[in-house]
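One-based numbering, in listed order, for ligands and for the atoms of each. Sequence positions, counted from 1, serve as the residue numbers for this chain. Since the model is a prediction, treat every value here as computed from it, not as a measurement.
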Amino acid sequence: MRATALARNALRQPALRSAEWAACRRSFASSAPPSIRPQTSSKLAPRTAQWQSCRWQSAAAAIQEAAAHDPTNLTQDAIVENLDPKEAARLDKVRNIGIAAHIDSGKTTATERVLFYTGRIKDIHEVRGKDAVGAKMDSMDLEREKGITIQSAATFCDWIKKTPDPVTGELKDEKYHINLIDTPGHIDFTIEVERALRVLDGAVMILCAVSGVQSQTVTVDRQMKRYNVPRISFVNKMDRAGANPWKAVEGINQKLKIPAAAVQIPIGAENEFKGVVDLIRMKAIYSEGENGEIVREDECPADLKSLAEEKRALLIETLADVDENIAEIFLDERTPSPDEIKAAIRRATISLKFSPVLMGSALADKSVQPMLDAVVDYLPNPAEVENLALDRKRSETPVKLVSYNSLPFVGLAFKLEESNFGQLTYIRVYQGSLKKGANVFNARTGQKVKVPRIVRMHSNEMEEVQEIGAGEICAVFGVDCASGDTFTEGGLGYSMNSMFVPDAVISLSIAPKNTKDTPNFSKAISRFQREDPTFRVHNDSESGETIISGMGELHLSIYVERMKREYKVEVVTGQPQVAYRETIQSRVPFDHTLKKQTGGAGDFARVVGFMEPTGQLGENEFEQAITGGTISEKFLLACDKGFNASCMNGPLLGHKVMGTYMQINDGATHMTDSSELAFKNATQQAFRKAFLAASPQVLEPLMKTVINAPNEFQGNIVGLLNKRNATINDTEIGAEDFTLTADCSLNSMFGFSSQLRAATQGKGEFSMEFSHYAPAPMQLQKELVAKHEKERAEKNKK
Ligand SMILES: Nc1nc2c(ncn2[C@@H]2O[C@H](COP(=O)(O)OP(=O)(O)OP(=O)(O)O)[C@@H](O)[C@H]2O)c(=O)[nH]1
């Protein structure tokens, strides 16, 4: 048991009955570290003086032990449990949230309303709106033209919530500061969602009232689970024909496996949608005025009373399954009060056991304000989220970060952006505060950097600030780093985990049309690479071409377009290439000698061992099992390097190798002719020979493809998929539309979007996401290998 816990337990023994006890407790409470201070008098009733002294002794010993073993953690734990009331009050009014959802669910439209109702913007502009201005958060020209979000955008606003006074019941204004990130829906820009969720404390998951849970909803659900992000759900587009919020609620429960229940029911639907009934207070809420800015409350309409009661009972029942307090009330057959229900929703949402579902229509300006109230009511403040760093000074021990301004600074750079004023680095401050002009240390490089300028971002605009407090998000200028770097105040050895970066699945060759544009081309490439970890660039060693790779055709085409617009570089691109992989299927021994001893300094290295599949299509593994020192440590390191180099450039197609194990267990070294280079080369030659003899196999990426179209086109789409040898996994047929889920090879999907458009009169849509690697059909493997051999031969001729 950890020493802190020991100390705490010592104090939680049945307590003493003595007059001095209370005084003693008071004095201890002021001197002991907060984490082991006595809690409430009901928990620790006095008993006997002897016992008391015994308890103090064991507690004191435990504190000393704790401090000796784990001084930092003791302090951190203590602070977490006993937040300074002033800091706690400040943090209680902060929310860091993200909006994430399937493509086109209305994230940007909803964010526009949030900014309008909080007074951040004066007018509402629509995505693809007639006024051609575009929504605030889609600030790139390309975003406005295409009507899609490409980059996540950060902003902040203050929401004034009407809160009843606990004593008088009178409504008073409470101001909450919300930092908000609007994320893209397209899977091609998934890294934007990934890094936003990495640093946010809570999220609003938007669903379409007609479609419910869609393919990208499943993806963002996975991402929210990856970073333990609590979420509220908002069923948008209640004004659309076919709107049905209950389909979305069922989808969250069934498909995402999150207990969820509506906290509102709609008043009217489709173009008769007027507002919602709040099931907790049983009040109707209407958004009125030109832009829905006037929130009017009324009695629940009589014709909705029975539905409201039914859904309220369902809400309480669902909560009883995930919250002990409500379970007890439920068992006592008592009806929980509105405050009890709200408190239970908050507890269950923050502990990731539940998601409350709200509904409205962002476009029709209805019911967005109650969603903002729910952000405040149910999503955690920064002090309620456990954030850990690894303390590298103490063998990577995890430490809790505490959103205290007075503690040493710790922040994570989660996004980089090139601006007119230089590199802009977005930082989430986890602990301490960041001041203009302060020096901070990059935990990865150990470099000290001065922070010359701090700003708060409002989409593409910025507001200069002198200081940013713990638990907040800001951007800084002049701090050179990589995405995912941790910054600390010098004394700490803390480092935070970065975000998950998915592998690229598609690549293409690219070059500037005119050689005079090469400097700008290089600038653009290096900027995009720094900003986006899923955009990768390498030079093909054989062709000398620059190859860019990324998450999909759209992803790469956006960068090609940005080069043209932002850097005035016209480029030529090759055909998109699939990121194949190579592996082996059997065990093959090798005994390879590299020998060049023709007078003068020669080359000599002998490596003996075997290669075999690792058993799963994951990381490659290299191991040495040398006995008797036939190969020295230094040369074995060179063998390891040779192995890694071979894995980057597979013998079949020159693509990456996966799932391959190589062991070197014997060999020979020459007194003078052996060198690191000789062993590296010998390993690479042995690798190639053994690989080709070990039933090599080409692997191709399979994509989870989800297609949605009106029912009448089902036959056409199944026909398209059959031609592509797709495996259809699921078909869901709704009243008008159907949704089909299939595994398709990426190779077969080039040009699919135009064929789908033709086959569905432009009414079908699809999304594609990497699923896994699987063996390519034999015929395709033969063709690919033959093509690769031919290209190699031609290059060798040149
Ligand atoms: N009928 C209706 N349409 C809506 C509503 N909210 C958004 N839309 C429309 O849906 C389309 C997509 O809206 P966006 O706000 O761009 O959706 P998004 O989720 O931000 O889109 P991406 O970031 O590109 O995934 C636009 O044409 C909006 O006008 C709504 O409540 N009702």
Q: Polar contacts were defined as any N/O atom of the residue lying under 3.5 Å from an N/O atom of the ligand; does this apply to Leu363 and ligand 1?
A: yes
Q: Does the side chain of Asp373 come within less than 4.5 Å of Lys162's, by heavy atoms?
A: no
Q: Check ligand 1 against Ile103 and write out every atom of the ligand that is under 4.0 Å from a heavy-atom position of the residue.
A: 25 (O)
Q: Do any nitrogen or oxygen atoms of Ser105 lie less than 3.5 angstrom from nitrogen or oxygen atoms of ligand 1?
A: yes
Q: Are any of the N/O atoms on Gly106, whether in the backbone or the side chain, positioned under 3.5 angstrom from an N/O atom of ligand 1?
A: yes
Q: Test your reading of the structure: does Asp182 have an N or O sitting under 3.5 Å from an N or O of ligand 1?
A: no
Q: Report the part of Thr108 (side chain from C-beta onward, or backbone N, CA, C, O) that has a heavy atom under 4.0 Å from ligand 1; answer both or neither where that applies.
A: both
Q: Would you indicate whether the side-chain heavy atoms of Ile707 and Phe752 approach each other to under 4.5 Å?
A: yes
Q: Are the side chains of Met282 and Arg312 in touch, meaning some heavy atoms are under 4.5 Å apart?
A: yes
Q: Run the contact test for Ala101 against ligand 1 with a 4.0 Å cut-off on heavy atoms, strictly below, and give the result.
A: no
Q: Using a 4.5 Å cut-off on heavy atoms from C-beta on, say whether the side chain of Leu720 contacts that of Gln755.
A: yes
Q: Can you list the atoms of ligand 1 that are under 4.0 Å from a heavy atom of Thr109?
A: 6 (N), 7 (C), 13 (O), 14 (P), 15 (O), 28 (C)
Q: Could you name the option among Asp239, Val210, Ile99 that has the heavy atom nearest to atom 32 (N) of ligand 1?
A: Asp239
Q: Below 4.0 angstrom, N of the basic side chain to O of the carboxylate: do Arg198 and Glu194 qualify?
A: no
Q: What atoms of ligand 1 come closer than 4.0 angstrom to any heavy atom of Arg240?
A: 1 (N)
Q: Which atoms of ligand 1 are found less than 4.0 Å from any heavy atom of Ser361?
A: 30 (C), 31 (O), 32 (N)
Q: Out of Lys237, Glu270, Met238, who is nearest to atom 4 (C) of ligand 1 when you count heavy atoms only?
A: Lys237
Q: If you take all heavy atoms of Tyr117 and Glu293, which pair is closest and at what distance?
A: CE2-CA, 3.8 Å
Q: Measuring only between side-chain heavy atoms, which start at C-beta, is Leu554 closer than 4.5 Å to Phe189?
A: yes
Q: Do the side chains of Tyr559 and Val537 get nearer than 4.5 Å, heavy atoms only?
A: no
